[in-house]
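Step one of this worksheet: look at the structure below.
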Amino acid sequence: MNFKALSKSFLAFLLLTFAALVLVACGGSSDEGETSDGSNEGAETEQSGDGGEKAKYVVGTDAAYAPMEYIDESGEIVGIDIDVVNAIAEEMGFEVEFQNTGWDPLFPAVKNGEVDFAVSSITITEERKKEYDFTEPYYVAKQLILVPEDSDVEKFEDLKDKRVAVQISTTGHEVVKGLLGETSEQILAADTLPVAIGEMINGNAEAVVADNAPVLEYMKSNPDVKFKTVEDDSFEKEYYGIMVKKGNTELLELLNEGIKRLKESGKLQEITGVEVD
Ligand code: ARG
């Protein structure tokens, strides 16, 4: 190879290197996706298999609430609520990543954007609606009383002179405050439902009031513990919704559209086993 040919190929090499650099620089900027204009607040984008970009949302939950949300043997967050969100994500073409925030921290996490939305058997209440936005209901539940098998409790009123354990800041907690008083020392407010039930096992509490599904699941998976459940007509129906930051209308509409489609196709009922009226 003579000098001329060598310098020619060197020039070609320089040109190629330059072109590659330009390509990399341009490619990088497209990664910023939709977040720059604020239209898709909080969502990160990811390259999907077909070349399109899928939004990815971080979803907070309190995964100590089987069968709705819990950690399985492999350490994964699973459950009915998780299946519902995964089905919505599939239907609407976005990705999700679940984060076990715990119950009380879940609310500020939604508020300060640490998570994009929350699924955690959250009852839609007037009080919460002042501070958060909720999707259309995807599940209907009721409070249920859990007592030792030999308990004389037959109805909610019978808890008047009892020590009652609840999960803190839940609708169960509210209902029990309604009976025993806002600051009653008969109420044991635990961080999680399993801890509340533990208070009854170790004799600190004489009853637990909580949502029906996790109470029934507890009975099923702990057949050796001698407990029974007591229903009461005064408990109202509670509707679970997915909770987003107030004013995040775009995300709310996306989730609502997903729920609507899953209701229409019958898939929602297939997942939850419950018909939402
Ligand atoms: N439905 C009740 C509420 O909204 C209890 C939900 C608790 N959920 C949980 N994953 N611990 O207050």
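Source: prediction; values computed, not measured. Whatever order the structure lists ligands and atoms in, that order sets their numbers, starting from 1.
Polar contact with ligand 1: absent for Trp103 (N/O pair, distance under 3.5 Å). Geometrically, ligand 1 and Ser169 share no nitrogen or oxygen pair separated by less than 3.5 Å.
Residue Arg128 touches ligand 1 through its side chain alone, judged by heavy-atom distances below 4.0 Å. Neither the backbone nor the side chain of Met68 comes within 4.0 Å of ligand 1, counting heavy atoms alone. When non-hydrogen atoms are compared, ligand 1 lies under 4.0 Å from neither the backbone nor the side chain of His173.
Val147 and Leu179 end up in the same hydrophobic cluster when Ile, Leu, Val, Met, Phe, Trp and Tyr side chains are linked at under 4.5 Å.
Within the listing of ligand 1, atoms 4 (O) sit less than 4.0 angstrom from a heavy atom of Ile122.
The residue among Thr125, Asp211, Thr192, Asn212 with a heavy atom at the shortest distance from atom 1 (N) of ligand 1 is Asp211. The closest heavy-atom contact to atom 9 (C) of ligand 1, among the options Tyr240, Tyr139, Tyr65, Tyr70, comes from Tyr65. Nearest to atom 8 (N) of ligand 1 by heavy-atom distance, out of Ala64, Ser121, Ser120, is Ser120.
Val110 is not listed as a side-chain neighbour of Phe107, based on a closest heavy-atom distance of 4.5 Å or more.
Judged purely by atom type and a 3.5 angstrom limit, Gln167 uses its side chain to pair as donor or acceptor with the backbone of Asp191. Side-chain atoms of Lys246 come within 3.5 Å of backbone N or O of Lys129 as a donor-acceptor pair.
With 3.5 Å as the limit, one finds a donor-acceptor pair spanning the side chains of Asp104 and Ser169. Between Asp81 and Ser120, the side chains place no donor N or O within less than 3.5 Å of an acceptor N or O (distance only, hydrogens not considered). Checking Asp211 against Gln143 by side-chain atom types alone, a donor-acceptor pair falls below 3.5 Å.
Looking from atom 12 (O) of ligand 1 to the surrounding protein, the closest heavy atom is Thr171 N, 2.8 Å. Protein heavy atom closest to atom 11 (N) of ligand 1, with residue, atom name and distance, is Asp62 OD2, 2.7 Å.
Ring geometry, Tyr240 versus Tyr139: the interplanar angle falls under 30°, so the pair is classed parallel (tilted spans 30 to 60°).
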